[in-house]
Amino acid sequence: MQKKEKSFGIQMLSVQPDTKPKGCAGCNRKIKDRYLLKALDKYWHEDCLKCACCDCRLGEVGSTLYTKANLILCRRDYLRLFGVTGNCAACSKLIPAFEMVMRAKDNVYHLDCFACQLCNQRFCVGDKFFLKNNMILCQTDYEEGLMKEGYFERAVSF
């Protein structure tokens, strides 16, 4: 049975001077700082609530943390370790969540697969590409198709 990921909120609370100091779930010392974090129904020093992978302070990178396989993780590392973004529209292979991708409407592509599907020309930043019948086309191939078919679709550039 696979464990599901869990996303939890992080609250920053001001410590009231007249209250008994709370114990930190990370280091087990009393929290005497001006602020503390509350997450996973426990209290933490700001320095103690960190991602198990990148060691970033979770209170600084957002208001959410993720847990899976007994790890406390930031969103980026959770997705890198456990997430998937789907399959590439060109090659149909799985795209890991940490990999950079190109998107065109509802389609997602590996960077290496993002090329004209007729002539295999790779696109550079600023090049126009066209999405026709779920195929990525360069401007030359698109215009040749227009001349044959006699209609126009909207261009997309990145």
Side-chain angles (χ1 to χ4, degrees), residues 1-13 25-27 35-158:
M1 185 167 120
Q2 186 177 355
K3 286 184 182 179
K4 257 186 135 173
E5 101 282 344
K6 292 186 180 174
S7 166
F8 295 94
I10 302 170
Q11 293 178 292
M12 179 175 277
L13 305 173
C27 69
Y35 297 99
L36 59 83
L37 298 176
K38 183 176 181 185
L40 305 171
D41 292 325
K42 299 174 183 175
Y43 297 97
W44 307 78
H45 288 106
E46 291 179 82
D47 287 336
C48 292
L49 187 58
K50 294 183 178 181
C51 174
C53 286
C54 71
D55 219 28
C56 71
R57 291 171 42 157
L58 292 171
E60 291 179 356
V61 297
S63 59
T64 305
L65 63 83
Y66 295 80
T67 63
K68 188 165 180 175
N70 295 323
L71 297 171
I72 296 174
L73 302 165
C74 66
R75 183 178 192 278
R76 190 180 120 253
D77 284 324
Y78 171 77
L79 289 173
R80 185 175 60 80
L81 293 170
F82 302 109
V84 292
T85 59
N87 293 332
C88 176
C91 72
S92 300
K93 292 182 182 170
L94 188 67
I95 302 173
F98 61 86
E99 191 171 307
M100 295 285 288
V101 297
M102 291 300 297
R103 295 181 186 273
K105 292 194 178 179
D106 295 330
N107 298 333
V108 182
Y109 302 87
H110 294 107
L111 290 181
D112 290 340
C113 294
F114 194 73
C116 177
Q117 292 176 300
L118 292 180
C119 71
N120 293 319
Q121 173 191 326
R122 301 275 312 266
F123 297 106
C124 296
V125 174
D127 288 348
K128 285 185 179 177
F129 67 93
F130 298 82
L131 189 62
K132 182 168 194 275
N133 299 329
N134 261 352
M135 285 181 62
I136 298 173
L137 301 173
C138 67
Q139 190 161 359
T140 303
D141 288 329
Y142 176 75
E143 288 172 355
E144 284 178 13
L146 281 182
M147 289 169 51
K148 291 176 185 171
E149 297 173 20
Y151 68 91
F152 178 77
E153 264 187 50
R154 194 174 79 141
V156 182
S157 62
F158 67 102

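Values reported hereafter were calculated over all heavy atoms of this structure, with side chains retained and with hydrogens, waters and symmetry mates removed.
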Discussion item. Side chains of T64 and I10, heavy atoms from C-beta outward: is any pair under 4.5 Å?
Written reply: no
Worksheet item: Just how far is it from atom NZ of K68 to atom CG of L73, taken to the nearest 0.5 Å?
Response: 10.5 Å
Worksheet item: By side chain to side chain contact (heavy atoms under 4.5 Å, CB included), which residues pair with E46, not counting sequence neighbours?
Response: M12, Y35, L37, R57
Worksheet item: Is there side-chain contact between L40 and T67, with heavy atoms separated by less than 4.5 Å?
Response: yes
Practice prompt. Mind telling me whether F114 and Y109 have parallel, tilted or perpendicular rings, with 30° and 60° as the class edges?
Written response: perpendicular
Worksheet, complete the sentence: The reported gap from NZ in K93 to SG in C88 (rounded to nearest 0.5 angstrom) is 9.5 Å
Worksheet item: With a 4.5 Å heavy-atom cut-off, do C74 and L65 have their side chains touching?
Response: no
Indicate every side-chain donor-acceptor pair of residues 49-56 with a distance under 3.5 Å to a residue at least two apart or in another chain.
none

Item to complete: State whether the side chain of W44 and the backbone N or O of A39 hold a donor-acceptor pair below 3.5 Å, judged by distance alone.
Response: yes
Worksheet, complete the sentence: To the nearest 0.5 Å, atom SG of C119 lies from atom CD of E144 at 9.0 Å
Worksheet item: How many angstroms lie between CD in E60 and CG in D47, if you round to the nearest 0.5 Å?
Response: 8.0 Å
Discussion item. Once salt bridge (Lys or Arg N to Asp or Glu O under 4.0 Å) is applied, do any residues pair with D141, and if so which ones, sequence neighbours excluded?
Written reply: none
Fill in: Parallel, tilted or perpendicular: ring planes of F129 versus F123, cut at 30 and 60 degrees
tilted
Worksheet entry | Y43 and L13, any side-chain heavy atoms less than 4.5 Å apart | yes
Worksheet item: Minimum heavy-atom separation for G26 to C48, with atom names?
Response: CA-CB, 4.2 Å
Worksheet item: Do D112 and R122 meet the salt-bridge criterion of a basic N to acidic O distance under 4.0 Å?
Response: yes
Worksheet item: At what distance, to the nearest 0.5 angstrom, does OG of S63 lie from CG of L58?
Response: 11.0 Å
Worksheet item: Is there a donor-acceptor contact under 3.5 Å from the side chain of Q11 to the main chain of K38?
Response: no
Practice prompt. Would you give the length of the straight line joining atom CD1 of I72 to atom CZ of F8, rounded to the nearest 0.5 angstrom?
Written response: 9.5 Å
Worksheet item: Given side chains that start at C-beta, do those of Q121 and T140 come closer than 4.5 Å, heavy atoms only?
Response: no
Item to complete: Decide yes or no for L111 and M102: does some side-chain heavy atom of the first lie under 4.5 Å from some side-chain heavy atom of the second?
Response: yes
Practice prompt. State whether the side chain of D127 and the backbone N or O of C124 hold a donor-acceptor pair below 3.5 Å, judged by distance alone.
Written response: yes
Discussion item. I want to check something: taking the side chain as every heavy atom from C-beta on, are N107 and L131 in contact at a cut-off of under 4.5 Å?
Written reply: yes
